[in-house]
Amino acid sequence: MIAVEKALEQYGAPIYVRHEIVHNKYVVQTLEKKGAIFVDETAEVPEGSIVMFSAHGVAPIVHEEAAERKLATIDATCPLVTKVHKEAVRFAKEDYDILLIGHEGHEEVIGTSGEAPDHIQLVDGPSDVEKVEVRDPSKVVWLSQTTLSVDETMETVDALKEKFPQLISPPSDDICYATQNRQLAVKQMGAEADLVIVVGSRNSSNSKRLVEVAKLAGAREAYLVDFADEIEEAWLEGDVSTVGVTSGASVPEVLVEGVLEWLAQRGFEDVEIVKAAEESITFSLPKELRRDLRAEASALSNR
């Protein structure tokens with residue numbers, strides 16, 4: 001969200017964004033009001049315009065399409081996704097079969113697959129493992145979409161290792177740290193809460209996983225909402241005494257605060273914070289934006 005806002009300040013509207021910058025309805029609506037235009041394909045962007053690639057990443061062919069249309073590009077791909085892309089390229093160069101664990105049709109999966117289409121095959125959960133075939137069982141590696149459930153991913157990895165005992169794991173964990181931390185917290189929360197409310201959009205993979213994790217952890221019910229006004233009074237009926245609240249990785253704090261206020265007005269005013277880990281990692285603005293901001297600052301200082 002910050003990258004799009006900074007781009008709008010720097011270059012003015014409109015700024016075209018290929019796919020939602022993050023999967024959150026509030027963020028997208030807020031940016032649209034400020035002058036961002038979200039498109040599904042590069043061909044929808046007028047020639048010579050500025051286009052930003054979303055946090056989910058894009059395949060190399062998208063960069064080629066942008067160059068053909070003489071578009072100025074800003075690559076806002078999440079660094080964790082970029083890491084997976086680089087791993088895919090490296091293992092493809094070493095002629096490995098790459099088993100990409102993820103959900104078919106997700107933008108991140110499409111982008112990663114495009115880095116090495118001849119070497120990557122998608123594995124959409126443990127039920128997909130049976131149909132996987134590789135050229136050489138001694139040269140197989142798994143990678144994953146960054147927003148998956150950790151437990152679901154490892155279940156798939158375990159099934160793959162049974163079939164391919166020499167399966168290699170990536171050099172570091174591909175699941176997004178923010179996704180992991182939220183899942184760990186929800187496991188603690190779900191074991192004690194009667195109801196868990198996850199703030200996030202329905203097209204957000206990591207938000208939907210939180211609902212699943214909460215239920216598996218013991219919560220009797222778990223629901224996904226974009227805004228507080230989507231919560232139904234009926235969810236609080238019966239013997240609901242403890243409500244857990246969490247959010248997807250890209251959800252603005254104001255939306256969580258709205259849910260907490262809604263609950264407080266209905267007698268759930270005592271809040272206990274569940275923290276699974278400290279998050280101290282911050283990511284820089286896209287390099288193209290940093291370059292132009294520095295150039296502007298330098299020009300102003302030389303006046």
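Note that this is a predicted model, so its numbers are computed, not measured. Worth knowing before you read on, the calculation uses all heavy atoms, side chains too, and leaves out hydrogens, waters and symmetry mates.
The hydrophobic clustering, which links ILVMFWY residues whose side-chain heavy atoms are closer than 4.5 Å, places Phe227 and Val256 together. Linking Ile, Leu, Val, Met, Phe, Trp and Tyr residues whenever their side-chain heavy atoms come within less than 4.5 Å places Tyr26 and Ile231 in a single cluster. Linking Ile, Leu, Val, Met, Phe, Trp and Tyr whenever their side-chain heavy atoms come within less than 4.5 Å leaves Leu184 and Leu216 in two separate clusters. Linking ILVMFWY residues whenever their side-chain heavy atoms come closer than 4.5 Å, directly or via other members, leaves Leu148 and Leu143 in distinct clusters. The hydrophobic cluster containing Val89 does not contain Ile98, counting ILVMFWY residues as joined when their side-chain heavy atoms lie under 4.5 angstrom apart, directly or transitively.
Looking at Val27 and Pro252, their side chains come closer than 4.5 Å, going by heavy atoms from C-beta outward. Proximity of Thr153 to Trp142: side-chain heavy atoms (C-beta onward) are separated by under 4.5 Å at one or more points. Put simply, the side chain of Leu255 does not reach to within 4.5 Å of the side chain of Asp226, judged on heavy atoms. For the pair Asp95/His119, a side-chain contact is recorded, criterion being any heavy-atom separation below 4.5 Å from C-beta on. Counting heavy atoms from C-beta on, the side chains of Met52 and Glu288 never come closer than 4.5 Å. You'll find the side chain of Leu100 reaches within 4.5 Å of the side chain of Ser113, heavy atoms only. Within the 4.5 Å cutoff, the side chain of Ile21 has heavy atoms near those of the Phe38 side chain. Using a 4.5 Å heavy-atom cutoff, the side chains of Ile50 and Ile74 are in contact.
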Which donor-acceptor pairs under 3.5 Å do the side chains of residues 234-248 make with protein atoms, sequence neighbours left out?
residue: Asp239; atom: OD1; partner: Arg220; partner atom: NH2; Å: 2.7
residue: Ser241; atom: OG; partner: Asp194; partner atom: OD2; Å: 3.1

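Contact detail for Gly57 and Thr77: the closest heavy-atom pair is CA-OG1, 3.4 Å. When all heavy atoms of Ala88 and Ala116 are compared, the closest pair comes out as O-CB, 4.2 Å. Here the shortest heavy-atom pairing between Thr179 and Thr146 reads OG1-O, 4.0 Å. When all heavy atoms of Ala193 and Val196 are compared, the pair lying nearest together is CB-CG2, 4.0 Å. Considering all non-hydrogen atoms of both residues, Val251 and Gly200 come closest at CG2-CA, 3.9 Å. Pro170 and Val141 get closest at one heavy-atom pair: N-CG2, 4.5 Å.
By the 4.5 Å side-chain criterion applied to Ile, Leu, Val, Met, Phe, Trp and Tyr, Val51 is assigned to a cluster that also includes Tyr16, Ile37, Val39, Val45, Phe53, Val58, Ile61, Val62, Leu71.
A 6.0 Å sphere centred on CD of Glu94 holds more than 12 heavy atoms belonging to other residues, nucleotides or ligands. The number of heavy atoms from other shown groups lying within 6.0 Å of CD (Gln29) is above 12. In Glu162, the CD atom is not crowded: 12 or fewer heavy atoms of neighbouring residues, nucleotides or ligands sit closer than 6.0 Å. At most 12 non-hydrogen atoms from other residues, nucleotides or ligands lie less than 6.0 angstrom from CD1 of Ile2. Counting heavy atoms of neighbouring residues, nucleotides and ligands inside a 6.0 Å radius, atom CD of Glu269 exceeds 12 of them. Other residues, nucleotides and ligands contribute over 12 non-hydrogen atoms within 6.0 Å of the NZ atom of Lys163. Within 6.0 Å of the CD atom in Glu230, the count of heavy atoms belonging to other residues, nucleotides or ligands exceeds 12.
Summarising the geometry, atom OH belonging to Tyr96 is positioned 10.5 Å from atom CG belonging to Leu167; distances are rounded to the nearest 0.5 Å. Annotation: the span from Leu195 atom CG to Tyr223 atom OH amounts to 7.0 Å, rounded to 0.5 Å. Rounded to the nearest 0.5 angstrom, Arg291 CZ and Arg294 CZ are separated by 9.0 Å. Here the NE2 atom belonging to His19 is positioned 5.5 Å from the CD atom belonging to Glu41, to the nearest 0.5 angstrom. Between atom NZ of residue Lys6 and atom CG of residue Asp292 there is a gap of 13.5 Å, rounded to the nearest 0.5 Å. Atom NZ of Lys187 and atom CG of Leu210 lie 11.5 Å apart (nearest 0.5 Å).
Checking side-chain atoms of Ser201 against main-chain N and O of Lys25 turns up a donor-acceptor pair under 3.5 Å. Distance alone, capped at 3.5 Å, places no donor-acceptor pair between the Asp97 side chain and the Val134 backbone. Not a single donor-acceptor pair under 3.5 Å links the side chain of Gln166 to the backbone N or O of Asp136.
Here the options are Lys83, His85, Arg90, the test is side chain to side chain donor-acceptor pair (under 3.5 Å), and the partner is Glu87; only Lys83 passes. The residue from Gln145, Glu108, Arg18 that alone fulfils the side-chain contact (heavy atoms from CB on, under 4.5 Å) condition with His56 is Glu108.
A salt bridge links Glu233 to Arg266: at least one charged side-chain nitrogen sits closer than 4.0 Å to a carboxylate oxygen. Glu152 has no carboxylate O lying under 4.0 Å from a charged side-chain N of Lys208, or vice versa, which leaves the two without a salt bridge. A salt bridge links Glu212 with Arg209; the closest basic N to acidic carboxylate O contact falls under 4.0 Å.
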Residue pair Leu224, Arg202: steps toward the side chain to side chain contact (heavy atoms under 4.5 Å, CB included) verdict: CA-CA 7 Å; Leu224 182 64; Arg202 284 159 181 75; 3.9 Å; yes
Working for side chain to side chain contact (heavy atoms under 4.5 Å, CB included), residues Val129 and Phe164: CA-CA 10 Å; Val129 172; Phe164 307 110; 5.6 Å; no
Side chain to side chain contact (heavy atoms under 4.5 Å, CB included) between His23 and Glu107, intermediate numbers included: CA-CA 10 Å; His23 285 157; Glu107 288 103 314; 3.1 Å; yes
Derivation of the side chain to side chain contact (heavy atoms under 4.5 Å, CB included) call for Val84 and Leu80: CA-CA 7 Å; Val84 177; Leu80 300 174; over 6 Å; no
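Between the side chains of Asp151 and Ser149, not a single donor N or O lies within less than 3.5 Å of an accepting N or O.
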